[in-house]
Q: 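Quick one: the structure is below, questions incoming.
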Amino acid sequence: MAPSDGNVRIGTSEREEAVRALAEHMTQGRLDVSEYDQRVALANAAKTRAELAEIFEDLPEPNPMRALTTPKPTAVPVPAQASPLIEKDKSSNAKAIIIGFVIFSQSPRSSR
């Protein structure tokens, strides 16, 4: 977390996400009921990212504060190709039609 990020105020959704993460930690046995209750009270009273970060300082993932502060990878632009990798012969359909017509027109016709 950048030093200035800690002062950013949080909202209800961040507090709720923190409580869900704490519940997961309790389910995994990392927190007992007493610790869970204490941390949930702190999460509900938190006003800034720094206050929430302190609650998760000694816990692994899930850690909603890491999700807020971890930079997301940027997409690498792929240069556009001037031409397709495989060129399609545009005249191949026309050739097939002409060949079919020639073969059909030269086949012996039955007399009536």
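All figures in this text were calculated on a predicted structure; none of them were measured in a lab.
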Q: Going from CG on L31 to OH on Y36, what distance comes out if it is rounded to the nearest 0.5 angstrom?
A: 9.5 Å
Q: Return the set of residues passing side chain to side chain contact (heavy atoms under 4.5 Å, CB included) with S34 (not counting sequence neighbours), or none when no residue passes.
A: D32, Q38
Q: So T48 and I10, side chain to side chain contact (heavy atoms under 4.5 Å, CB included) or not? Walk me through it.
A: CA-CA 5 Å; T48 64; I10 59 168; 5.8 Å; no
Q: Just so I know, are the side chains of V40 and I55 near enough to count as touching, which here means a heavy-atom distance under 4.5 Å?
A: no
Q: Donor-acceptor check, side chain of E51 to backbone of K47, threshold 3.5 angstrom: yes or no?
A: yes
Q: Check whether any side-chain heavy atom of H25 lies under 4.5 Å from a side-chain heavy atom of F56, and answer yes or no.
A: yes
Q: Should L42 and L52 be marked as a side chain to side chain contact (heavy atoms under 4.5 Å, CB included) after you check the CA-CA gap, both sets of side-chain angles, and the distance that decides it?
A: CA-CA 8 Å; L42 290 170; L52 272 187; over 6 Å; no
Q: With sequence neighbours left out, what residues match R20 under side-chain hydrogen bond (donor to acceptor under 3.5 Å, both in side chains)?
A: none
Q: Is V19 close to N44 at the side-chain level, that is, under 4.5 Å between some pair of heavy atoms?
A: yes
Q: What closest approach, in Å, do P62 and A21 show between heavy atoms, and which atom pair accounts for it?
A: O-CB, 3.9 Å
Q: Output all residues satisfying side-chain hydrogen bond (donor to acceptor under 3.5 Å, both in side chains) with E24, sequence neighbours left out; order by chain, then residue number.
A: Q28
Q: Would you mind listing every salt bridge (charged side-chain N to carboxylate O under 4.0 Å, His left out) that reaches into residues 34-45, with sequence neighbours excluded?
A: R39-D58
Q: Can you list the residues that meet the side-chain hydrogen bond (donor to acceptor under 3.5 Å, both in side chains) rule with R15, with sequence neighbours excluded?
A: none
Q: How close do R30 and E61 get, counting heavy atoms only, and between which atoms?
A: NH1-O, 4.0 Å
